[in-house]
Structures are given as structure tokens and as C-alpha cells.
**Student:** 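So that we are looking at the same thing, I have put the structure below in C-alpha cells.
Just so it is clear, the structure is predicted and the values come from calculations on it, not from any experiment. Letters A, B, ... mirror the listed sequences (proteins, then strands); counts begin at 1.
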Protein chains: 4
Amino acid sequence: MIFIDYNDKRPIYEQVTEKIQTLILNGVLESDSKLPSVRSLAMELSINPNTIQRAYSELEREGFIYSVKGRGNFVKMNENLIIKEQEKLLIKFKENVEELRARGILKEQALACINEAYEEVER
Amino acid sequence: MIFIDYNDKRPIYEQVTEKIQTLILNGVLESDSKLPSVRSLAMELSINPNTIQRAYSELEREGFIYSVKGRGNFVKMNENLIIKEQEKLLIKFKENVEELRARGILKEQALACINEAYEEVER
Amino acid sequence: MIFIDYNDKRPIYEQVTEKIQTLILNGVLESDSKLPSVRSLAMELSINPNTIQRAYSELEREGFIYSVKGRGNFVKMNENLIIKEQEKLLIKFKENVEELRARGILKEQALACINEAYEEVER
Amino acid sequence: MIFIDYNDKRPIYEQVTEKIQTLILNGVLESDSKLPSVRSLAMELSINPNTIQRAYSELEREGFIYSVKGRGNFVKMNENLIIKEQEKLLIKFKENVEELRARGILKEQALACINEAYEEVER
DNA sequence: GTGGTCTAGACCACG
DNA sequence: GTGGTCTAGACCACC
């Protein structure tokens, strides 16, 4: 389910954090479902358990999961979080659009990209 | 003209590189115009000359400037580079749009962002 | 394995870069094998770690190695790279031949050089 | 006749030296013919006279030209020099061929390059 | 321990 | 004065 890209310059714990975040936000991991244990996931990806531990800590800090001592880590999903993340994404998107405009990319090109991406899904 | 944000996690040399790149691509710095010398810019930003040196090296490697020993660094602009950078930007944009869609943001919202950014300029 | 020639006018980092490149391209260093750490190689060659760092950065930029923070630098070999380097070499070779011709060296002499070099290996 | 390439990383005086050398060795400049004066060539290329001076000094040191005080610089051609330069070229060529072989380029490819370059001239 | 960035200060080649 | 390289020494993030 998770893959580590050693060509990616980002730290491993961040890659893991982000991948799990995406799985949660895209609804692949349901609320209250159990995540793999720190040690088992570490073994599966053949990386240091500390790294997984750090990823899980980050996720907990950001409110994506909760941990129960002696039982494991679980997905904590709620509408608020989804909305907050959507807002973050939109802010990033607006900055991106602004950059496009500043660099002389036409409105039509931008619109075409959107149509392209969204029509794909209707198929 | 250039500002260093010490809260930004990116390295200083990268911030400088990116800022100058933007100045060139947005047409603020014209082709063959002279950039400030390594030492003077370092002093102005109160950072080490080596850091500016590195930024300038990156810019040269990427084809944005050329350096002449004993004379200075100069802007090297050409159409190809502008187009190549626009393509890069569009690819990044498409990924961004794709992410929006995956996270459940409606097409209408995306279109609204674009209209907003591009209408601003018509005013 | 690596030697620095202080009579060579080229910068040290470039000599190191080139030597390691050759080791990789000639198959001496296998894919995914670990390179010596920045500090240890610096000590071995009794030069500054920054210089090795720079050599490694260049190698990474050119796609010969990849670095993993906290782990080390590793050889990244692939067929594409070998072919690309062969093409570069051939282009350089053609320029060289062209120069020979312009300077009045006979075709026979050039052919003799090639026979000499390639026969050596058949022995 | 001479062009300075500011994208070339070599120093200007070296570019000038090399270009004039080539002109001499290829027989474009005949023996005892007068070279342009330091100042006029400097003006023509819009570079510093010191730079031309240095190029001419190098050429004199290597035996390609001789200078007569108050009269100017003149081409000094002789068979020995041509042969010496040819030998230099051949040594460089042999190294190049050796490199080709080490990198796994086939003898046939090398021969093809030579045939190509030399047949062109027969046309 | 690893790589990566930065500073301070020095030296060289070039124009 | 200009860019380019190098050293020495430091600090940080990551594993």
C-alpha cells in the first residue's frame, strides 16, 4: 500500500506521513480502522521503526489518527478535518493559478486543464 | 528587491535562486543586464558570499544567467527557456488539479478560482 | 582507488567527480553499492569534506548516484545513462577526428591508432 | 575572423590564442604575414588590450609567432612545429580511442566515424 | 553516524 | 573588482 521513493528528497517519515494522510482523506482507510503496528510496517518497508513512530506521531499531532496504548493506532476521521484540508488545498491552488497568470499562461489553457481532469472522471 | 525569509525551511541559496528566477521570467530583469556582484549582494542581504555564489551557480546551470570571470553575472534570456518553464508550470498545475478532484473539490470551485485570478487583471 | 593530481589545473571536486564517474561507467562500482561517506573519503584524500560533498552533489545531479540522508550515497546505474554517456563520447570522438583531418593527419594513421587500441584487448 | 564565445568557460585570452593557433596550423595565416596590432584587434573584439597582449605572448612563447618591436607581430611557421602539433594531437587521439574501448564502444563504430569524416572531404 | 547548509576567511585567475 | 575554489569549523535534520 505504501512505497518509499529513495529518489524523493523528502525525509522518509514525511513520505510515510503524506501517503497515509492521502489514504485517509481519499477514504481508502475508514474511520476507526486499525493501522499496521509500528514494528510490522517498519519491517514491511524495511526501514527503522523510529521513522514509522515519527510518522505516526505527526499524524496524531495533525489529528488524522489516535493511538491507544497497548492496542495500536487508529484512523480518526471527521468532517472538520476534511474541510480544513480542502481549504488548505484551495489556498495552494489559488497561489498556483496566480503564478500561472503572472507567467503569461492564458486563462483558456488553465480552464482546459480543469476540464480535462474533471471530464476524465465522468467517463 | 530580494528578501530572505528565515522562517522558510528551504535553504537560503534556494530562496535566492528562486526569487531571481522569478524576476527574470517576469521580465523585471532584462536580457544581458548585469546582476549585482556576488560580494555586494551578499553584503546587501547580510549573508555569506559563498551562499550567493551557489545561487548564481545554480542559475547558470539552469540557463538563466551566464557568468564572465572578472566581469560579473548577466541575465541570459531566451524564448525557449520561457516556454520550457511554462510547460513545467502547467505540468505542476495539472497535478494540482488532479489532487483537487481526488479530494472531492467540485469543478465549479476550481473554475471560480481561475475566474477570480484572471478577472483581477482585467480591472 | 582515487588519486588527486595537484598539478592538474582542474578543480579537485571535478577530478573526484570524474574519477568516480569512470569507476561507475566501467562497472567497477556496482549499482546500489555504497560509496564512502563524505567525511571518510575526505579524510582518506586529506581534503576538506565540503569538496567531497560538492563532488557527490554533482554526481547526483548528473544521475550517477543517489543520496539518502542519514544513510549515505549509493550508485544509481541504469542502461539509459550508459547509452547517453556513450553518445557523448562518440560526439567528442567525431570532433576529434574532424580536427585530425583538418590538421592534415592521414586516414591511415587514424585507422592504425584504432587497430592498435582494439587489438591490444584481443591479446 | 575571430569570435569570442562568452558562454565558453575558458578565459578569453585562451580562446584567442587557440583560434589564432588554428588559423596558423590550418594554413590560413601564412608564414611571416602580419597579425593585427594588439590595439586594433582588441577594439575589433571589444575586449581589453591586455587580453590580446597576453594571447600574443602565449603564442610567441609556444613558437607560433614572433614580434618585432615597433613593427608588430608576425606568423612564424615551420615544419617542426606542425609535426610537433600533429604528434600532440595523435597522443590525445589515442587516449580518446582508449576511452572508447574501455566504455564498450565497438571497433566498428569507431572505424565508421573515421570513414565518415574522411569521405566527406573526398566529395 | 549520515548528508546538507552556512559562515568566515583565504587564495587564485581573469580583465 | 570580478567569479571560482578551497579550508576550517559549525549546526541541523535524519536514521
Side-chain angles (χ1 to χ4, degrees), chain A residues 4 6 9-16 42 45-55, chain B residues 4 6 8-17 34-43 45-60 65-74, chain C residues 4 6 8-16 34-43 45-60 65-74, chain D residues 4 6 8-16 42 45-55:
Chain A
I4 291 173
Y6 284 103
K9 297 311 299 174
R10 290 176 312 165
I12 296 176
Y13 82 89
E14 203 178 310
Q15 287 189 47
V16 174
L45 304 176
S46 50
I47 58 179
N48 196 308
N50 290 331
T51 309
I52 300 295
Q53 187 51 59
R54 175 151 184 195
Chain B
I4 292 173
Y6 285 100
D8 194 330
K9 289 168 311 174
R10 289 178 312 164
I12 298 177
Y13 79 90
E14 205 178 306
Q15 289 186 46
V16 174
T17 305
K34 190 176 179 305
L35 293 167
S37 82
V38 170
R39 287 163 173 84
S40 70
L41 185 53
M43 211 137 74
L45 303 177
S46 42
I47 58 179
N48 192 289
N50 284 332
T51 308
I52 299 294
Q53 178 72 270
R54 174 151 187 196
Y56 278 7
S57 301
E58 301 269 333
L59 286 167
E60 186 177 18
I65 68 177
Y66 61 92
S67 82
V68 186
K69 241 188 188 162
R71 299 240 250 143
N73 290 276
F74 303 87
Chain C
I4 292 173
Y6 284 100
D8 194 330
K9 289 169 311 177
R10 289 178 313 163
I12 298 177
Y13 80 88
E14 206 178 306
Q15 289 186 45
V16 175
K34 192 176 178 305
L35 293 167
S37 82
V38 170
R39 287 162 175 81
S40 70
L41 185 52
M43 212 138 73
L45 303 177
S46 43
I47 58 179
N48 193 289
N50 284 332
T51 307
I52 299 294
Q53 179 72 269
R54 174 150 187 197
Y56 279 7
S57 301
E58 301 269 333
L59 286 167
E60 187 177 18
I65 68 176
Y66 61 93
S67 82
V68 185
K69 242 187 186 164
R71 299 239 251 142
N73 291 276
F74 303 88
Chain D
I4 291 174
Y6 284 102
D8 194 328
K9 299 310 297 173
R10 289 177 311 165
I12 296 175
Y13 81 88
E14 204 178 309
Q15 286 188 48
V16 174
L45 303 177
S46 49
I47 59 179
N48 195 308
N50 289 331
T51 309
I52 300 295
Q53 187 52 60
R54 176 153 183 192

**Student:** Whole Å only: how far is the OH atom of Tyr6(A) from the P atom of dG3(E)?
**Tutor:** 15 Å

**Student:** According to the Watson-Crick and G-U wobble definitions, with both distances under 3.5 Å, which nucleotide is paired to dC11(E)?
**Tutor:** dG4(F)

**Student:** Identify which nucleotide among dG3(E), dC6(F), dG3(F) has an atom closest to any side-chain atom of Gln53(B), counting heavy atoms from C-beta outward.
**Tutor:** dG3(F)

**Student:** Could you tell me whether the side chain of Arg39(C) has a donor or acceptor atom within less than 3.5 Å of a complementary atom in the base of dG3(E)?
**Tutor:** yes

**Student:** Taking for each residue the nucleotide of DNA chain E with the nearest heavy atom, is it Gly70(B) or Ser46(B) whose nucleotide lies nearer the 5' end?
**Tutor:** Ser46(B)

**Student:** Distance check needed: dG1(E) P versus Asn73(C) CG, whole Å only.
**Tutor:** 17 Å

**Student:** Quick one: which of dG4(F), dT5(E), dC6(F) gets closest to the side chain of Lys9(D)?
**Tutor:** dG4(F)

**Student:** Rounded to whole Å, how long is the line connecting atom OH of Tyr56(C) with atom C1' of dT5(E)?
**Tutor:** 18 Å

**Student:** Working to the nearest 0.5 angstrom, can you tell me the gap between Arg10(B) CZ and Thr17(B) OG1?
**Tutor:** 9.5 Å

**Student:** Whole angstrom is fine here: how far is it from CD1 in Ile65(B) over to C1' in dG4(F)?
**Tutor:** 13 Å

**Student:** I need the CG-P distance between Asn48(B) and dT5(E), as an integer number of Å.
**Tutor:** 15 Å

**Student:** Tell me the interatomic distance from Glu14(A), atom CD, to dC12(F), atom C1', rounded to whole angstroms.
**Tutor:** 15 Å

**Student:** Under 4.0 Å, heavy atoms only, any strand: does Tyr13(D) hit a base, just the sugar-phosphate, or nothing?
**Tutor:** sugar-phosphate

**Student:** Looking only at side-chain atoms of Ser37(B), point me to the closest of dG3(F), dC14(F), dG3(E).
**Tutor:** dG3(F)

**Student:** Does a nitrogen or oxygen in the side chain of Thr51(B) sit under 4.0 Å from OP1 or OP2 of dC6(E)?
**Tutor:** no

**Student:** So Ile47(B) and Ile4(B), do their side chains get closer than 4.5 Å, heavy atoms only?
**Tutor:** yes

**Student:** Tell me the closest heavy-atom pair linking Asn73(B) and Tyr56(B), and the distance in Å.
**Tutor:** ND2-CD2, 3.1 Å

**Student:** What pair of heavy atoms forms the shortest contact from Glu60(B) to Lys9(D), and how long is it?
**Tutor:** OE2-NZ, 2.8 Å

**Student:** Going from CD on Glu58(B) to CD1 on Ile65(B), what distance comes out if it is rounded to the nearest 0.5 angstrom?
**Tutor:** 10.5 Å

**Student:** Would one find a side-chain N or O of Ser67(B) under 4.0 angstrom from OP1 or OP2 of dG4(F)?
**Tutor:** yes

**Student:** How do Ser57(B) and Val68(C) order along DNA chain F: which one's closest nucleotide is nearer the 5' end?
**Tutor:** Ser57(B)

**Student:** Please report the distance, rounded to the nearest Å, between CD1 in Ile4(C) and C1' in dT5(F).
**Tutor:** 13 Å

**Student:** Assign Ile12(D) to base, sugar-phosphate, or nothing according to its heavy-atom contacts below 4.0 angstrom with the strands shown.
**Tutor:** sugar-phosphate

**Student:** Under 4.0 Å, counting only non-hydrogen atoms across every strand here, what does Arg54(C) touch: a base, just sugar-phosphate, or nothing?
**Tutor:** sugar-phosphate

**Student:** Nearest whole Å is fine: how far is dG1(E) P from Asn50(A) CG?
**Tutor:** 17 Å

